[in-house]
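Here's the structure, in structure tokens; my notes come after.
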Amino acid sequence: MADSREKLKDKKRIVIKIGSSSLTHKESGHLDLRKIEKLVRALCELRSQGRDVVLVSSGAIAVGRQAMGVAKPEETAEKQALAAIGQARLMMTYQRLFAEYNQVTAQILLTKYNILDNVSRVNARNTFEELFRMGVIPVVNENDTVATHEIEFGDNDRLSAIVAALVEADLLILLSDIDGLYTDDPNRNPDAMFIQIVTEITEDLLAMGKESSGSDVGTGGMTAKLTAAQMATDAGVDMVIANGDDMEHIYQIVEGDNCGTLFLAHKNKNFDLYHYVKRY
Ligand code: GLU
């Protein structure tokens with residue numbers, strides 16, 4: 001256990017995913033700028049340490065809703081329009097904050113179909129490689145404006161695992177609104193136990209996720225996170241689920257401290273991103 005945590009210090013290519021609920025104030029729905037500032041600083045620090053960094057950020061629709069004063073968009077076209085508005089604003093905020101540290105960023109919007117298409121997938125991978133070579137931090141989101149299905153069922157947990165596999169990252173960090181994986185929903189069951197390390201994603205574990213997440217964001221959508229963990233670990237990427245309420249967690253993870261739930265990679269030599277993505 002301690003050894004597996006120690007190894008996180010040496011990770012060279014890290015994908016970090018942050019969800020809308022961690023980026024916005026619960027009450028007002030506005031961006032939590034103080035938190036985003038801390039996130040950006042942590043990412044720049046990882047770059048300064050010589051690591052390649054990718055940020056997978058949600059928040060396009062949330063920011064679009066705020067901009068247009070829409071409480072709850074119903075129609076897909078409305079959500080897509082809000083995503084188009086919000087994504088640009090979100091990037092503007094990131095660009096400004098990264099500029100404080102003289103860090104160049106890039107926007108990459110992907111859909112599942114880009115990964116399933118052999119030419120697009122190779123192009124995307126080459127673009128990431130080139131950006132890493134240039135020292136840029138890519139900021140990734142789903143291309144919500146064209147991907148109907150992504151808006152309704154998609155989630156950035158899976159997307160971040162796909163990106164981690166695509167760029168052959170060695171660590172994926174999911175910043176969520178929960179500390180990690182519990183044996184049951186900690187909000188409903190006071191006896192729920194925290195799981196620090198997962199060496200194998202078994203059927204029992206997947207069932208645990210289902211019970212503890214339901215379909216609400218309140219418990220962090222554990223089912224999607226476990227699907228992401230399955231993909232990432234199969235692709236040879238260690239994954240940590242940690243609470244995004246405190247950006248210090250990012251430092252703690254890469255310093256080998258016990259933070260969140262660590263899913264250990266067990267590279268499946270037959271792992272094939274195309275087939276994996278096709279199944280979901
Ligand atoms: N892509 C969506 C957005 O940026 C969010 C998807 C998710 O949170 O998983 O608004």
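Residues: numbered from 1 along the sequence shown. Hydrogens, waters and symmetry mates play no part in the numbers below; they use all other heavy atoms, side chains included. As the structure lists them, so they are numbered: ligands from 1, and atoms in each ligand from 1.
- Contacts of Asp144 with ligand 1, taken as heavy-atom pairs under 4.0 Å, involve the side chain alone.
- Numbered from 1 in the order shown, with element, the atoms of ligand 1 that lie under 4.0 Å from a heavy atom of Asp155 read 9 (O).
- The side chain to side chain contact (heavy atoms under 4.5 Å, CB included) test with Arg65 singles out one residue from Ile85, Leu82, Thr24, and that residue is Leu82.
- When only interatomic distances are considered, the shortest N/O to N/O separation between Ser58 and ligand 1 falls below 3.5 Å.
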Exercise for the section: Test Ser160 against Leu172 for side chain to side chain contact (heavy atoms under 4.5 Å, CB included), laying out the working first. Expected result: CA-CA 8 Å; Ser160 62; Leu172 167 63; 3.8 Å; yes
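- Of the charged side-chain nitrogens involved, at least one lies within less than 4.0 Å of a carboxylate oxygen, so that Lys225 and Asp157 count as a salt-bridged pair.
- Using a 4.5 Å heavy-atom threshold, the side chains of Val139 and Leu90 count as separate.
- Every atom of ligand 1 is numbered from 1 in the order shown, and the set under 4.0 Å from a heavy atom of Ala60 is 3 (C), 4 (O), 10 (O).
- Contact annotation: for Asn141 versus ligand 1, heavy atoms closer than 4.0 Å belong to the side chain alone.
- Considering backbone and side-chain atoms alike, Asn156 places an N or O below 3.5 Å from some N or O of ligand 1.
- In terms of polar-atom proximity, Ala62 is not counted as a contact of ligand 1, lacking any N or O under 3.5 Å from an N or O of the ligand.
- Asn141 and Gln87 are linked by a side-chain donor-acceptor pair at a separation below 3.5 angstrom, with hydrogens and angles left out of the test.
- Using a 4.0 Å cut-off between a side-chain N of Lys or Arg and a carboxylate O of Asp or Glu, Arg34 and Glu37 do not qualify as a salt bridge.
- Ligand 1 lies nowhere less than 4.0 angstrom from a heavy atom belonging to Ala83.
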